[in-house]
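In this text the structure is predicted, and so the values were computed from the model without any measurement.
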Amino acid sequence: MTDQPAGVPESAREVLRRVFGYEAFRGQQQAVVEHVAGGHDALVLMPTGAGKSLCYQIPSLVRAGTGVVVSPLIALMQDQVAALRESGVRAEFLNSTLSLTESRRIEQALSAGDIDLLYVAPERLLTDRCLALLASMRIALFAIDEAHCVSQWGHDFRPEYLGLSVLHERFPEVPRVALTATADALTRTEIRERLALHDAREFVSSFDRPNIRYAIVPRDEPRRQLLGLLREQPADACGIVYCGTRKRVDDTAAWLNAQGFDALAYHAGMQATQRAENQARFLREDAVVMVATLAFGMGIDKPDVRFVAHLDMPKSVEAYYQETGRAGRDGLPSVAWMAYGLQDVVNNRRLIDESPAQDEYKRMSRAKLDAMVALAEADDCRRVHLLRYFGEAATPCGNCDNCLTPPQRWDATEPARKLLSCIYRIRQAGSAFGAHHVIGVLRGEKDERIVQRGHDQLSTFGIGADLDTRTWHALLRQLVARGWVDVAHDRFGVLELTDAARPVLRGEQTVLLSRAVQQAAVASGRKPRSAASARSTAGSAAAALGLDDAARSRFERLRAWRGEAARAQSVPPYVIFHDAHLADIARVNPLDVDALRGVPGVGATKLQRYGQAVIGALQSL
């Protein structure tokens with residue numbers, strides 16, 4: 001740090017205040033910082049937006065030497081380095097985007113001790129050249145970010161992370177801290193083993209993200225459902241729409257653009273330059289919708305993502321939590337929305353069964369998928385289910401779809417028996433079929449395939465005519481989720497009964513299921529609006545921050561100034577100040593630079609660099 005007095009070590013709290021502009025730590029931050037700054041290893045599990053970065057950035061600035069941060073994504077390290085430089089920290093990164101000249105300049109600065117924090121990709125760190133460079137310098141600590149990537153059981157395994165055990169072998173005296181927002185008990189154990197963190201102290205914060213409203217809806221015209229969600233978002237809102245395939249990404253992005261949204265595509269099949277350009281726009285601009293496969297997102301530091309939507313169900317609760325956690329990093333109200341259908345179960349099971357993985361891995365993957373299906377089919381508080389998965393007890397949140405609009409429960413015993421009986425009778429007739437055919441038989445439809453196979457002569461033909469097709473599909477989806485019906489993906493999705501279905505068939509078990517209440521805007525908590533209406537302006541960032549009219553005008557002026565400053569420096573606006581920081585400034589309404597001191601997020605360097613410009617922006621109103 002350029003303005004630290006020589007020979008006088010600062011305390012962690014002093015660094016927090018002077019560099020980052022905060023008066024106090026949050027949650028377990030202080031305990032982690034003091035533990036790591038004292039030279040000890042740590043495993044830190046902290047939800048996105050809770051301030052994991054400070055848990056290694058501050059110890060790096062307190063301890064002698066350079067903090068080395070292992071980061072898996074170029075976009076993440078570039079953003080974090082830019083943000084640290086704005087705060088006066090001497091930060092650099094080593095990755096493939098640098099020229100040979102730039103790389104050598106950074107290496108020389110490292111050898112001279114002129115860098116506080118170095119971000120490096122795992123594959124770069126493991127090269128002989130980089131390891132030799134590290135051996136020649138004084139290292140404050142190693143921080144392994146996104147540590148769940150080391151787990152072969154996890155949802156985002158990266159083989160290059162397996163080599164990071166070399167840090168313990170070559171630098172046994174240097175403290176190491178592994179950090180992640182997502183890890184169940186099995187993944188935590190594997191992180192410890194593979195990174196040789198056997199004696200590391202474990203810090204586990206609550207996984208709860210109370211500002212996120214979770215909503216999962218049965219898939220029914222998913223584009224119409226997605227459009228309803230997006231039209232309820234603030235006019236300036238950015239968001240992510242996840243799709244399971246590249247084709248669906250391209251098609252959805254094109255369709256959203258036709259609907260008047262500024263939508264961009266992102267997937268591994270695109271040219272790298274186009275992906276980078278789209279990502280840069282998403283990070284730097286408002287009102288952009290990124291439609292992406294899972295290739296996009298990990299490590300994205302953008303704090304003001306207002307919604308994350310899934311058009312295809314993730315394979316595990318960990319993946320769902322990680323992806324939805326990209327919403328609302330700034331703590332403001334945000335939405336995690338998913339449209340879910342039976343085909344999600346079929347497709348994900350097929351991917352598991354057809355993978356070349358070992359049987360134990362497949363078994364674990366099926367269990368994780370089953371937990372995800374249970375979350376999707378839950379008829380009580382989503383947050384309670386989500387937190388229970390990570391071993392955390394919770395009470396109903398009052399801020400998810402099931403809490404806000406509880407599903408109606410109904411006695412589905414007889415319809416369930418009819419459906420199971422129909423599947424059984426079709427199998428007795430020497431054939432097996434999928435959902436569409438079985439439901440057609442139930443409803444007594446004279447479909448050509450039904451008549452040709454004589455299924456119109458079955459005793460179950462027409463016994464379900466009293467229910468519509470949509471209700472039967474919803475019922476079937478819930479029976480599959482409960483393990484009473486299996487979908488054989490290897491035979492074109494034919495339905496099969498499991499042993500667990502026998503008590504239901506024999507009338508020995510009552511079946512109580514949920515019937516979702518149709519409410520288009522349950523995710524946002526507002527009343528549905530017409531499909532032709534424009535995106536909401538009442539829910540803008542200023543409104544979400546609870547600003548009065550006068551403060552809102554100041555906030556919008558500050559945002560305009562920040563946008564100009566960000567474009568001039570070619571950095572994302574949030575690197576200069578988060579919306580929450582601008583809101584605090586707008587509330588205080590400082591008359592001079594001195595009055596800016598103590599406003600959260602305004603450290604010494606930012607005060608010196610931007611103080612006069614901020615005051616000028618406020619006085620221009």
Go through the side-chain N and O atoms of [X] and [Y] and say whether any donor and acceptor fall under 3.5 Å apart.
| X | Y | result |
| --- | --- | --- |
| Gln322 | Thr182 | yes |
| Arg326 | Tyr242 | yes |
| His267 | Asp250 | yes |
| Ser206 | Asp208 | no |
| Asn278 | Arg275 | no |

To the nearest 0.5 Å, what is the distance between [atom1] on [X] and [atom2] on [Y]?
| X | Y | atom1 | atom2 | answer |
| --- | --- | --- | --- | --- |
| Thr324 | Arg382 | OG1 | CZ | 12.5 Å |
| Leu476 | His436 | CG | NE2 | 13.0 Å |
| Met372 | Leu369 | CE | CG | 9.0 Å |
| Trp484 | Leu420 | CH2 | CG | 8.0 Å |
| His148 | Arg188 | NE2 | CZ | 13.5 Å |
| Leu229 | Met338 | CG | CE | 13.0 Å |

query: Do Arg306 and Asp304 sit within salt-bridge range, that is, some charged N less than 4.0 Å from a carboxylate O?
result: no
query: Do the charged groups of Arg443 and Asp466 touch, with an N to O distance under 4.0 Å?
result: no
message: Does Gln452 have more than 12 heavy atoms from other residues, nucleotides or ligands lying within 6.0 Å of its CD?
response: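 Atom CD in Gln452 is crowded, with more than 12 foreign heavy atoms closer than 6.0 Å.
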- prompt: Is the number of heavy atoms from other residues, nucleotides or ligands within 6.0 Å of NZ (Lys418) greater than 12?
  reply: yes
Results of salt bridge (Lys or Arg N to Asp or Glu O under 4.0 Å) for [X] - residues two or more places apart only:
| X | result |
| --- | --- |
| Arg409 | Asp379 |
| Arg366 | Asp353 |
| Asp499 | Arg502 |
| Glu221 | Arg224 |

Name all residues meeting the side-chain hydrogen bond (donor to acceptor under 3.5 Å, both in side chains) criterion together with [X]; count only those two or more places apart in sequence or in a different chain, and write none if there are none.
| X | answer |
| --- | --- |
| Gln428 | Tyr424, Arg425 |
| Ser165 | none |
| Glu508 | Arg506 |
| Asp251 | Lys247 |

message: Aromatic contact between Phe207 and Tyr389, with the criterion being ring centroids under 6.0 Å apart: yes or no?
response: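 Judged by ring-centre distance (under 6.0 Å), Phe207 and Tyr389 do not meet the cut-off.
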message: Check for me whether the distance between the ring centres of His455 and Phe433 falls short of 6.0 Å.
response: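 Ring centroids of His455 and Phe433 are less than 6.0 Å from each other.
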message: By the salt bridge (Lys or Arg N to Asp or Glu O under 4.0 Å) test, which pairs, at least two apart or in different chains, include something from residues 472-481?
response: Glu377-Arg477
task: Could you note down all residue pairs passing salt bridge (Lys or Arg N to Asp or Glu O under 4.0 Å) where residues 451-461 supplies at least one of them, sequence neighbours left out?
output: Lys446-Asp456
- prompt: With sequence neighbours left out, what residues match Asp468 under side chain to side chain contact (heavy atoms under 4.5 Å, CB included)?
  reply: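 So Asp468 forms a side chain to side chain contact (heavy atoms under 4.5 Å, CB included) with Arg470, Thr471.
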message: Which residues pass the side chain to side chain contact (heavy atoms under 4.5 Å, CB included) test with Asp312, not counting sequence neighbours?
response: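 Result, side chain to side chain contact (heavy atoms under 4.5 Å, CB included) vs Asp312: Arg219, Cys243, Arg248, Asp344.
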- request: Write down the atom of Arg209, the atom of Ala327, and the distance for their closest heavy-atom approach.
  value: NH2-O, 2.8 Å
query: Considering all heavy atoms of both residues, which atom of Ala263 and which atom of Asn257 are nearest to each other, and what is their separation?
result: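 Smallest interatomic distance, heavy atoms only, reads O-ND2, 2.9 Å.
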task: Give the intermediate values and the outcome of salt bridge (charged side-chain N to carboxylate O under 4.0 Å, His left out) for residues Arg349 and Asp486.
output: CA-CA 10 Å; Arg349 284 182 179 171; Asp486 197 9; 2.9 Å; yes
task: Show your working on ring-ring contact (aromatic ring centres under 6.0 Å, His included) between Phe390 and Tyr321 and close with a plain yes or no.
output: CA-CA 10 Å; Phe390 292 106; Tyr321 182 82; 5.2 Å; yes
query: Would you say Asp145's side chain and Ser71's backbone share a donor-acceptor pair under 3.5 angstrom?
result: no
field: Check: Val305 and Arg329 side chains under 4.5 Å, non-hydrogen atoms
entry: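 A side-chain contact under 4.5 Å is absent here.
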